[in-house]
Colleague: 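Below you will find the structure I want to go over with you.
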Amino acid sequence: MDKAYDLTKEEAQALIRAAFEVLPQAYVPYSHFHVGAALLCADGTVYTGVNIENASYPATNCAERTAIFKAVSEGKRDFKAIAVCGGTDGKAADFCPPCGVCRQVMREFCRPEAFKVLLAKSCSEYREMTLEELLPLSFGPGNLA
Ligand code: THU
C-alpha cells in the first residue's frame with residue numbers, strides 16, 4: 001500500500017491560492033456557483049481549471065476535470081494533489097467536495113491512497129483528504145487488466 005503524498009503547509013497553501021486565483025474565470029451563467037481547482041503534478045507544475053457551464057446543462061465541465069484534462073493534454077499523468085474551492089457568487093462559504101464524476105476521473109490517473117484532495121474555504125482553512133477516503137473501493141484501470 002502506497003503512502004499518501006506529504007505536502008508541506010507551504011505547498012498546500014500555494015496550491016489553494018492558485019485555485020482561488022482562477023476562481024473568477026469560472027463560466028457559470030446558469031448556477032452562479034464558481035469553482036476553481038489547481039492540480040499539482042509530480043514535476044512541480046500546476047494546472048488550474050474552472051467550471052465551464054453550457055446552455056445544454058449536461059455539457060458542463062467541472063473545475064477539477066478542466067484542470068486534469070488540461071494537464072493530461074499537455075503530457076502530464078503523474079499527479080500529487082488537487083485543491084478545490086468555490087461557492088455561490090464565488091464566495092467559498094463552505095467546502096466544495098468534488099462530484100462523483102470528478103472523483104472517478106482522478107481515479108484514472110492517481111493512486112487513491114497517495115493522491116491528496118484539498119478542500120478549501122481559504123488558504124488557512126482547509127481539509128486534506130486522500131482520494132481513497134473520497135472514493136473507497138473504486139474501479140480503476142487495474143480492474144480491466
Ligand atoms: N462543480 C464543479 O465544478 N466541481 C464539482 O466537483 C462540483 C460541481 C460545478 C458544476 C456546475 O457548474 C456547478 O458546480 C454547480 O453544480
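We use all heavy atoms of the structure for the numbers below, so side chains are in, but hydrogens, waters and symmetry mates are not. Each ligand, and each atom within it, is numbered from 1 in the order the structure gives. Keep in mind it's a predicted model, so treat the numbers as computed, not measured.
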Colleague: Output the distance between atom OG1 (Thr66) and atom CD1 (Ile52), rounded to the nearest 0.5 Å.
Modeller: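 It comes to 4.0 Å.
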
Colleague: Which one of Glu133, Met106, Arg103 satisfies the side-chain contact (heavy atoms from CB on, under 4.5 Å) criterion with Val117?
Modeller: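 One option only clears the test, and that one is Met106.
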
Colleague: Give a yes or no on whether the backbone of Phe139 and the side-chain of Gln104 come within a donor-acceptor separation of less than 3.5 Å.
Modeller: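 Present.
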
Colleague: Which class fits the ring pair Phe79 and Phe109: parallel under 30°, tilted 30 to 60°, perpendicular over 60°?
Modeller: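 Perpendicular.
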
Colleague: Side chains of Ser31 and Glu53: is there a donor and an acceptor less than 3.5 Å apart?
Modeller: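 Yes, Glu53 and Ser31 have a side-chain donor paired with an acceptor closer than 3.5 Å.
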
Colleague: If you measure only the distance, is there a donor-acceptor pair under 3.5 Å linking the side chains of Thr45 and Asp43?
Modeller: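 Their side chains do contain a donor-acceptor pair, which is all the 3.5 Å distance test asks for.
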
Colleague: Can you name the residues that come within less than 4.0 Å of ligand 1, going by heavy atoms only?
Modeller: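 Lining ligand 1: Ser31, Phe33, Val35, Asn51, Glu53, Thr60, Cys62, Ala63, Glu64, Pro97, Pro98, Cys99.
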
